[in-house]
There are 2 protein chains.
Amino acid sequence: MTTAHHHSIHPLDDALALTSAAPGQYEGRTTPAYWNMVGPFGGVTAATLLQAVLQHPDLLGEPLSLTVNYAGALTQGPFTLQATPVRTNRSTQHWTLSVLQPDAEGAPVVTTTATVVTAARRETWGAADTPMPFVPAPAQCKAIPPAFPVEWLRRYEMRPVAGSLPAQWDGGGESSLSQLWMRDAPARPLDFCALAAMADIFFPRVWLRRARQVPAGTVSITVYFHAGSALLAQTGAGYLLGQARAQEFRNGFFDQAAQLWNEAGALLATSHQIVYYKE
Amino acid sequence: MTTAHHHSIHPLDDALALTSAAPGQYEGRTTPAYWNMVGPFGGVTAATLLQAVLQHPDLLGEPLSLTVNYAGALTQGPFTLQATPVRTNRSTQHWTLSVLQPDAEGAPVVTTTATVVTAARRETWGAADTPMPFVPAPAQCKAIPPAFPVEWLRRYEMRPVAGSLPAQWDGGGESSLSQLWMRDAPARPLDFCALAAMADIFFPRVWLRRARQVPAGTVSITVYFHAGSALLAQTGAGYLLGQARAQEFRNGFFDQAAQLWNEAGALLATSHQIVYYKE
């Protein structure tokens with residue numbers, strides 16, 4: 001049976017839609033489906049930057065690392081994205097990127113900067129040194145409704161394993177560790193952009209560690225891709241296990257270290273971010 | 001007593017020396033003191049990029065995060081460094097940077113790209129969630145001579161605690177964890193640039209985990225600064241405990257996660273890098 005729903009575009013693909021008038025120059029727009037409190041979900045902005053690289057006619061290889069710096073919240077509407085391959089080596093390629101939007105007077109303002117490295121990867125000796133923690137399977141972990149009325153949370157199926165939001169905001173937190181099973185909602189075969197977005201899915205560690213829901217926002221995130229496209233294809237629309245913890249909270253900023261494994265236990269990506277908090 | 005040595009410039013300060021003809025435009029040069037095998041020690045390149053930001057007349061606050069992408073080895077001699085504050089907010093400032101050198105035909109080529117975020121930090125609630133491991137004091141750990149005849153290794157005093165270079169390159173490694181006490185040689189009061197450089201001091205994790213001395217080089221490094229200048233001043237010329245481990249080795253690249261504490265146990269910086277290896 002063919003239904004209208006069958007033919008509709010996935011909200012992530014809709015958010016990632018870019019048009020390009022010239023190589024490296026893109027036009028996009030924010031979408032309501034991934035709206036957070038004062039701008040789009042940072043993960044989808046990261047994914048959009050990566051999408052520009054993947055669409056570029058000069059692309060070499062596949063994503064290896066991605067760093068995104070959130071200079072200011074995007075406002076609702078169109079944006080311009082620039083992606084430049086500043087150096088291409090035999091097996092690696094270095095990219096610099098930025099997102100711009102007009103300010104109140106119409107002058108372009110940088111909202112986001114990024115660097116990407118892509119690489120042609122080879123078969124080598126390898127070792128997995130961070131085994132997936134032993135946790136219950138996704139089906140054994142209950143899917144939770146969005147904890148807050150923000151639209152982007154409805155774009156993910158989340159099945160917490162440990163370190164959910166505090167039941168009481170009483171200042172009594174003890175650990176910053178969270179583990180959860182996750183996938184796009186509706187389910188969607190995993191690709192680099194979806195993986196980049198999911199690296200930013202974790203709620204602010206300060207909420208958990210401090211048990212206070214203080215203002216917080218990512219300043220900079222880095223994602224290292226350990227998986228190539230073949231492993232992503234094997235992962236398909238299955239769940240990922242995400243794990244995140246902070247190492248230090250000090251003077252208004254904390255860091256977060258995260259890992260994302262597929263259900264078979266392969267470490268697909270590791271990620272880090274530094275996050276502003278007010279407390 | 002005043003001696004000639006007393007007045008000589010520290011090799012790190014010599015390497016960081018930049019002249020500026022216009023805001024954001026700098027001229028520097030590599031120095032023999034930090035030479036590695038086919039270019040300068042990557043840590044000193046990272047420190048030089050940070051130095052440009054710190055010297056910039058428009059600087060807001062202190063370093064919060066630094067990402068450096070090594071696009072190609074610097075050749076011996078002069079280089080141009082560009083540092084641009086692309087957006088200044090009330091309490092954060094976003095920088096994009098690049099290092100250029102002329103190619104054989106004299107055309108400028110990008111050797112390195114970077115982004116930096118600086119921030120005006122405030123007193124807040126805080127928590128140290130990664131206690132310094134319990135290890136013997138620096139005096140109890142023997143300082144080692146440089147393991148290889150490269151000049152930059154002589155610029156650091158290293159006192160390994162665990163995870164030294166394999167005694168035999170026999171393919172029999174089991175762990176990627178290293179811990180060592182370190183400081184500049186000669187000793188030098190710690191600052192942001194010295195800290196950034198030391199975040200890159202660890203030998204390639206693949207050498208330890210694989211027990212084979214294969215070609216390897218950092219592609220991208222990120223440093224998050226948890227310390228402000230007051231804490232760095234307190235740390236002075238004391239030792240730092242550095243810890244590094246890999247999470248995944250696959251298809252020619254591995255990642256490294258690192259922490260740097262001062263002797264009093266304060267976590268000054270956390271760092272991550274993605275590293276090319278041939279094996």
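By convention in this document, chain letters (A, B, ...) are assigned in the order of the sequence lines, proteins followed by strands, and residues within each chain are numbered from 1. Note that these values count all heavy atoms, side chains included, but never hydrogens, waters or copies made by symmetry. On a predicted model such as this, the values are computed, not experimentally measured, just so you know.
- Between chain B and the residues A:G252, A:G126, A:A127, A:S175, the most heavy-atom pairs under 4.5 angstrom are made by A:A127.
- Atom OG of B:S98 sits about 13.0 Å away from atom NE2 of A:H94, to the nearest 0.5 Å.
- Only the side chain of B:T96 comes within less than 4.5 Å of a heavy atom in chain A; its backbone stays farther off.
- Here the closest non-hydrogen pair linking B:Q273 and A:Y224 is CA-OH, 3.3 Å.
- Expressed to the nearest 0.5 Å, how far OG of A:S220 lies from CG of B:L64 amounts to 8.0 Å.
- Within the 4.5 angstrom heavy-atom criterion, atoms from both the backbone and the side chain of B:T222 approach chain A.
- In this structure, A:Q247 and B:L267 have side chains that are in contact, with non-hydrogen atoms separated by less than 4.5 Å.
- Most heavy-atom pairs under 4.5 Å with chain A: of the set B:V86, B:D255, B:T113, this distinction falls to B:D255.
- Proximity to chain B (any heavy atom under 4.5 Å) is restricted, for A:T67, to the side chain, taken from C-beta onward.
- Heavy atoms closer than 4.5 Å to chain A are found in the side chain of B:V206, but not in its backbone.
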Stepwise, does the salt bridge (charged side-chain N to carboxylate O under 4.0 Å, His left out) test hold for A:R245 with B:D129?
CA-CA 9 Å; A:R245 63 158 58 95; B:D129 261 11; over 6 Å; no
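- For A:Q93, no part sits under 4.5 Å from any heavy atom of chain B, backbone or side chain.
- The line from CD of B:E279 to CZ of A:R122 is 10.0 Å long, rounded to the nearest 0.5 Å.
- Nearest approach of B:I274 to A:S65, heavy atoms of both residues: CG2-CB, 4.1 Å.
- Aromatic ring orientation, B:Y277 versus A:W125: perpendicular (interplanar angle above 60°, classes split at 30° and 60°).
- In this structure, the portion of A:V117 lying under 4.5 Å from any heavy atom of chain B is its side chain and not its backbone.
- For A:S176, the parts sitting under 4.5 Å from any heavy atom of chain B are the backbone and the side chain alike.
- At a 4.5 Å heavy-atom cutoff, the contact between A:N89 and chain B is made by side-chain atoms alone.
- Heavy atoms of A:L231 lying under 4.5 Å from chain B belong exclusively to its side chain.
- Side-chain contact between A:T270 and B:E248: absent, with no pair of heavy atoms (C-beta onward) separated by less than 4.5 Å.
- Ranking B:A114, B:A71, B:A119, B:P131 against chain A, the residue ahead of the rest is B:A71, based on heavy-atom pairs under 4.5 Å.
- B:R87 touches chain A through its side chain: at least one heavy atom from C-beta onward sits under 4.5 Å away, while N, CA, C and O do not.
- In summary, the side chains of B:T124 and A:N251 do not present any donor paired with an acceptor at a separation below 3.5 Å, with no hydrogens or angles considered.
- One distance of note links NE2 of B:H226 with CZ of A:R250; it measures 8.0 Å at 0.5 Å rounding.
- For the atom pair B:T92 OG1 and A:Y276 OH, the distance stands at 9.5 Å (nearest 0.5 Å).
- At a 4.5 Å heavy-atom cutoff, the contact between B:A227 and chain A is made by backbone and side-chain atoms alike.
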